[in-house]
Student: 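Below: one structure in structure tokens.
Predicted, not measured: the structure shown is a model, and the values here were computed from it. Numbered from 1 within each chain, the chains take letters A, B, ... in sequence-line order.
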2 protein chains.
Amino acid sequence: MPLRETKKAAVRQALIAAANGRFHRHGFEQTTIDEICADAGVSRRTFFRYFENKEALAFPHRTDRLERFLALLDGADQSANPVDGLRAICQTFAHEYSVNRVAILAQQRLVDSVPALVAREHEIDRDWETAMATTFRRRFGRGAAAERRARLMAGAAIGVIRATMRYWYEKDGKPDLARLGQEALDGLEQGFLS
Amino acid sequence: MPLRETKKAAVRQALIAAANGRFHRHGFEQTTIDEICADAGVSRRTFFRYFENKEALAFPHRTDRLERFLALLDGADQSANPVDGLRAICQTFAHEYSVNRVAILAQQRLVDSVPALVAREHEIDRDWETAMATTFRRRFGRGAAAERRARLMAGAAIGVIRATMRYWYEKDGKPDLARLGQEALDGLEQGFLS
DNA sequence: CCAAAACTGGCACTCAGTGGCACTTTAAGG
DNA sequence: CCTTAAAGTGCCACTGAGTGCCAGTTTTGG
């Protein structure tokens, strides 16, 4: 890796690490960007060249995760129906979340304690929704009705996923996330006609 | 109405009106709170006694709408199944939105042009989701499974509703919102098994 | 080794939002 | 009415996020 890249990666990591420490020790709002910069040995001005804002520090894997999700969506393109694709992806993420359970839970506690972070999380969900809508759209073909169906389905999908995650977080990550996920996707598939 | 109440209502309206004008003329971010205060003839400090933040000005009906929704949810409590309740409520709101179409569209254009406002909108959706989850929960009875089902359903519901609204906005409010809503709720009820 | 490009730091600035306190207005009882 | 407590307002000073600008440094590629 070229030197420049290396340094940038290092600075980025330093900022993330510094932020993580402070956020978890003193809380998000109690931490100023100046403090993070001081810890990371970087100027304030430079900070904003690495992160759009303070919130972004709380979601360092945002782009990674989205890209992985997109890749998985593409990969699941030839499954029998869209939901089956999601089921597979769900297994993957469920496993990953279970493995990193402690860190992820801590992260989520942080997010849930700060409205601004909750808002950012919704923004992320929106990205995922759009990604799914695009994928589903390819399946459903042309026409306004297909478009609507794809978007409805994506909306419902992110809705059940988020609800599932919240439940899992609330139960301290104890339940089997893969199972919860399948239950959620059953709902998506079968609907909620009681 | 006691004088004090009257005055407070007047100030609130003045602030909303001032903000609306500026927001639509110059945009949300280009408008400072000071300018709004000047227009409304009120001090900055007072502004923050009426609104939590600048964003709140863009959703003056937030609490009204939520309360109406809660009331309607309560009212629809004895419909055959939860989705039928939603169908009725959907008709009501669809009608209202169609009537105030122009204003609502303008408002939405504003919201969509500012990330911070989009974020607030998600926050509002979250309130609605919680409201629905609580209602559904009453239907589904006790137990963790019922709880999960209620939450999944609420998540899916808000998901399809939001997707529908976005579609409607995107089409400049031309489509029949009531029909779109029913289509969305069909999806919620029947699922998306293709 | 050199020039262009990329990156950094520091400064000054705007604006959102908060705490504190003195001052004015309203409500309510005698 | 008149008084007094409560509610509401204005002003001031302050913190902290985020931005524009420009001068100085580091890396890259030839």
Side-chain angles (χ1 to χ4, degrees), chain A residues 1-16 18-23 25-60 62 110-111 113-120 123, chain B residues 1-20 22-23 25-60 62 110-111 113-120 123:
Chain A
M1 186 154 59
L3 178 55
R4 196 168 266 169
E5 300 288 316
T6 315
K7 281 195 171 179
K8 281 179 72 172
V11 169
R12 189 184 149 82
Q13 284 315 311
L15 284 169
I16 292 173
N20 243 288
R22 293 243 178 211
F23 287 170
R25 277 199 308 277
H26 313 293
F28 180 82
E29 282 154 334
Q30 300 314 312
T31 304
T32 76
I33 296 185
D34 285 317
E35 292 166 341
I36 299 173
C37 291
D39 289 0
V42 138
S43 87
R44 213 171 118 69
R45 198 65 192 79
T46 294
F47 170 86
F48 284 104
R49 293 191 181 102
Y50 282 81
F51 296 92
E52 274 199 3
N53 45 49
K54 198 174 151 189
E55 286 98 274
L57 280 171
F59 304 99
R62 175 173 179 172
L110 179 68
V111 170
S113 71
V114 184
L117 294 181
V118 176
R120 294 288 166 183
E123 209 177 274
Chain B
M1 183 152 63
L3 178 52
R4 197 169 265 169
E5 299 288 317
T6 314
K7 282 195 170 179
K8 282 179 73 172
V11 169
R12 189 184 149 82
Q13 282 316 309
L15 284 169
I16 293 174
N20 243 287
R22 295 242 177 213
F23 287 169
R25 278 199 307 278
H26 313 293
F28 180 83
E29 281 154 335
Q30 301 313 312
T31 303
T32 75
I33 296 185
D34 285 318
E35 291 166 342
I36 299 172
C37 291
D39 289 0
V42 137
S43 88
R44 215 173 120 68
R45 198 65 190 81
T46 294
F47 169 86
F48 284 105
R49 295 191 180 104
Y50 282 82
F51 296 93
E52 273 199 3
N53 46 47
K54 199 174 151 189
E55 287 98 272
L57 280 171
F59 304 99
R62 174 172 179 172
L110 179 69
V111 170
S113 71
V114 183
L117 294 181
V118 177
R120 293 289 165 181
E123 208 177 275

Student: Take the protein atom NZ of B:Lys7 and the nucleotide atom P of C:dT25, then report the distance between them rounded to whole Å.
Tutor: 7 Å

Student: If you check the B:Arg4 side chain, which of C:dA27, D:dG10, C:dA6 turns out closest?
Tutor: C:dA27

Student: Might you work through the salt bridge (charged side-chain N to carboxylate O under 4.0 Å, His left out) test for A:Lys8 and A:Glu5, ending with a clear yes or no?
Tutor: CA-CA 5 Å; A:Lys8 281 179 72 172; A:Glu5 300 288 316; 5.6 Å; no

Student: In whole angstroms, how far is the P atom of C:dA16 from the CG atom of B:Leu117?
Tutor: 13 Å

Student: Mind listing the closest non-hydrogen atom pair of A:Asn53 and A:Phe48 along with its distance?
Tutor: CA-CE2, 4.2 Å

Student: For A:Glu55 and A:Arg62, what are the C-alpha separation, side-chain angles and deciding distance, and is it a salt bridge (charged side-chain N to carboxylate O under 4.0 Å, His left out)?
Tutor: CA-CA 11 Å; A:Glu55 286 98 274; A:Arg62 175 173 179 172; over 6 Å; no

Student: Starting from P on D:dT15, measure out to CD on A:Glu29 and report it in whole angstrom.
Tutor: 18 Å

Student: Within the distance-only criterion (no hydrogens, no angle test), does the side chain of A:Lys54 pair as donor or acceptor with the backbone N or O of A:Phe28 below 3.5 angstrom?
Tutor: yes

Student: Tell me: CD of B:Gln30 to P of D:dT19, nearest whole Å?
Tutor: 13 Å

Student: Check DNA chain C against residues 45-55 of chain A and give the residues with a non-hydrogen atom under 4.0 Å, in numerical order.
Tutor: A:Arg45, A:Thr46, A:Arg49, A:Tyr50

Student: In whole angstrom, give the distance that lies between atom CG of A:Leu15 and atom P of D:dA17.
Tutor: 14 Å

Student: For the side chain of B:Arg44 and the base of D:dG10, is some donor closer than 3.5 Å to an acceptor across the two?
Tutor: no

Student: With no hydrogens and no angle check, is any side-chain donor or acceptor of A:Gln13 less than 3.5 Å from a backbone partner on A:Ala10?
Tutor: no

Student: Looking at the side chain of B:Lys8, which of D:dG8, D:dT28, C:dC15 is the nearest nucleotide?
Tutor: D:dG8

Student: Okay, side chain of B:Arg25, backbone of B:Asn20: is any donor-acceptor separation there less than 3.5 Å?
Tutor: no

Student: Between A:Ser43 and B:Glu5, just flag the one whose closest nucleotide in DNA chain C comes earlier from the 5' side.
Tutor: A:Ser43

Student: Under 4.0 angstrom, heavy atoms only, what part of the nucleic acid is A:Thr6 near: base, sugar-phosphate, or nothing?
Tutor: nothing

